[in-house]
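Working notes, structure below.
Note that the structure is predicted; figures quoted are calculated from it, not measured. Values reported hereafter were calculated over all heavy atoms of this structure, with side chains retained and with hydrogens, waters and symmetry mates removed.
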Amino acid sequence: MPNEPAERPRRIRMQRRGPLLMEGPVEIELEDGTTVSSDRFRVALCTCRRSHTYPWCDTSHRRKA
């Protein structure tokens, strides 16, 4: 529709050591073609692949003290 405002772009926050923080809701297509989604207002996407809940970050990347 011509008079509707354009949807604003999603914001993704990159961190040197950690997940990608993305404004939600999101729908993620995985390598095998399956789709996962979250309706949360912010999600953390795992970039290290250590997460037990991949593609969502569960902080498995943190070193144990």
Inset, instruction - Please round to the nearest 0.5 Å and tell me the distance separating atom SG of C57 and atom CZ of R50. - result: 10.5 Å
In residues 22-32, what donor-acceptor pairs under 3.5 Å come from side-chain atoms, sequence neighbours left out?
unit_1, atom_1, unit_2, atom_2, d
E23, OE1, R8, NH1, 2.9
E23, OE1, R8, NH2, 3.1
E31, OE1, R49, NH2, 3.2
D32, OD1, T34, N, 3.0
D32, OD1, T34, OG1, 2.7

Inset, instruction - Is it possible for you to say whether I12 and V36 belong to one hydrophobic cluster, with membership spreading through side-chain heavy-atom contacts below 4.5 Å? - result: yes
All N/O donor-acceptor pairs, side-chain side in residues 37-48, below 3.5 Å, sequence neighbours left out:
unit_1, atom_1, unit_2, atom_2, d
S38, OG, R40, N, 3.3
T47, OG1, G18, O, 3.1

Inset, instruction - If a pair satisfies side chain to side chain donor-acceptor pair (under 3.5 Å) and one of its residues is in residues 9-20, list it, with sequence neighbours excluded. - result: none
